[in-house]
Amino acid sequence: MIQLQNRRILVGISGGIAAYKTPQLVRLLRQAGADVIVVMTANAARFVTATTLQAVSGRPVRNDLWDPAAEAQMGHIELARWAELVLIAPATADRLARIAGGLADDLLGAVCLATRAPIAVAPAMNQVMWEAAPTRRNLATLVADGIAVIGPESGDQACGEVGPGRMTEPESLLEAVVGLFEVPPGLSELRAVTTPPGGSLSGRHVVITAGPTREAIDPVRYISNHSSGKQGYAIAAAAIAAGARVTLISGPVSEPVPAGAALIPVESARDMHAACLEAAGDCDLFIAVAAVADYRPKTAADRKIKKSDAGDVGLHLDLVENPDIVASVAALPRRPIVVGFAAETHDAMKHARAKLTRKGLDAIIVNDVSRTDIGFGSDSNAVTLIWAEGELTLEKQSKASLASEIIDRLAALFVRQLAHTNPENVAH
Ligand code: PMT
């Protein structure tokens, strides 16, 4: 299938045993229609020959920053400009460190530093090297820089050990590359990263609001809505699975609390407002899933209102506006990334975009609550994620799987900002 017609892919090869698989990768990329230039490091040439790669790529292989003839034809800066994607397979521990450190003392390093194209790496190394602290630090840097990390796989290793560190197979790498190019404009950051060690939100503090609020009319009656808490609780569970420390600020619901979440139960919008402002102090990502009552009765009667109290004129409730919780968090001087939800019955996108701006949010997730098969109370949901530069529709699925997708997307979308929010939250 021609999925990469005329795509210009620079394949970098660093010096690891998995380099023997790279000619097959290059063949697959070419078969998919891509134009491929191979850049090898000196150590890569110990594992695979330039002749083989020239044959499969159909172009001269580049391996030397100081080759005057090659540089005269297409210098390293032109190579960096030519590429629509730089894919390094295999990427050794040393190569990851070099990219993370911005070293440009060989051709591949110089291209990585000089390119504006997305960079993807397919790590391959011994499992102990993969798990070593410096590699983890380097990976975290690469992910924070928006570099896609594809793999590695777990299994038998060339060194005789078994564990994570095998380069992703060429067929799967091809699929990942096709996926990177399928991203619509403005979405590149959403797919440009994969999970760092410990999870995409490892060491981050995520505060999530969930459920309805109750606004007391008298000691036995209140104003509320149909939120069950299912979506918010599922997002809390997904954030925990992604490595985050989660504070769940919830109105009254009957959902089980996800293991590992710190629950702060609240009743009214004002309770939720106070709890959120306190928790937001050291928060990296704030996700407002709760259906907060916009209004509350001006005064809550301290005794049950009797039918006879209504008299001839009927009973009237004076309502006053509640504080806007998510907007208050977004207005904090040291604000986290702030994501709201929008429950809409009509003109959903228009209203949601207006809320995104009015409330000062980084992103908003739109729910069509006019549908009975999704939204309030249902076990399924379908949403559209909107942020300043783009939008992405996530099709109907269980609230649990949607929650994982939302967390993955948010972690990828805000990877750079999350890397810089409250560094004291990062687990050491
Ligand atoms: O709980 P479930 O049954 O699983 O249903 C999930 C859900 C439909 C409740 C959820 O997916 C959803 O859409 N939540 C947002 C509901 C809502 O109140 O939307 P809104 O458009 O009125 O509010 C916009 C945003 O402002 C929301 O993030 C809300 O939390 C926040 N808000 C609203 C009012 C207010 N006073 N303070 C707020 O922070």
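Any value given below was found using the heavy atoms of this structure, including those in side chains, with hydrogens, waters and symmetry copies removed. When a ligand or atom number is given, it counts from 1 through the structure's own listing order.
Arg335 places a side-chain N or O within 3.5 Å of a backbone atom of Ala330 that can act as its donor or acceptor partner.
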Note down each nitrogen or oxygen pair, ligand 1 side and protein side, whose separation is under 3.5 Å; give only atom names and the distance to 0.1 Å.
residue	atom	partner	partner atom	Å
ligand 1	1 (O)	Ser227	OG	2.6
ligand 1	1 (O)	Ser228	N	3.1
ligand 1	1 (O)	Gly229	N	2.8
ligand 1	3 (O)	Ser228	N	2.8
ligand 1	3 (O)	Ser228	OG	2.6
ligand 1	3 (O)	Gly377	N	2.7
ligand 1	4 (O)	Ser228	OG	3.4
ligand 1	4 (O)	Lys230	N	3.3
ligand 1	4 (O)	Gln231	N	2.8
ligand 1	4 (O)	Lys399	NZ	2.7
ligand 1	11 (O)	Asn367	OD1	2.4
ligand 1	13 (O)	Asn367	OD1	3.0
ligand 1	14 (N)	Val289	O	2.8
ligand 1	19 (O)	Ala343	N	3.3
ligand 1	21 (O)	Ala343	N	3.3
ligand 1	21 (O)	Lys355	NZ	2.4
ligand 1	26 (O)	Lys359	NZ	2.9
ligand 1	28 (O)	Ala288	O	2.8
ligand 1	28 (O)	Phe341	N	2.9
ligand 1	28 (O)	Phe341	O	3.1
ligand 1	30 (O)	Ala290	O	2.6
ligand 1	36 (N)	Pro323	O	3.0
ligand 1	37 (N)	Ile325	N	3.0
ligand 1	39 (O)	Ile325	N	3.3
ligand 1	39 (O)	Val326	N	2.8

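Qualifying ring pair (Phe, Tyr, Trp, His ring centres under 6.0 Å) partners for His226, counting only residues two or more places apart in sequence or in other chains: none. Residues that satisfy the ring pair (Phe, Tyr, Trp, His ring centres under 6.0 Å) test with His316, not counting sequence neighbours, are absent from this structure.
Remark: Glu161 CD is packed, more than 12 non-hydrogen atoms of other residues, nucleotides or ligands lying under 6.0 Å away.
Look at Arg358 and Asp324 and you find no salt bridge, because none of the NZ, NE, NH1 or NH2 atoms lies under 4.0 Å from a carboxylate O.
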Please tabulate, one pair per line, all N/O donor-acceptor pairs under 3.5 Å involving side-chain atoms of residues 291-306, not counting sequence neighbours.
residue	atom	partner	partner atom	Å
Arg296	NH1	Glu321	O	3.2
Arg296	NH1	Asn322	OD1	2.8

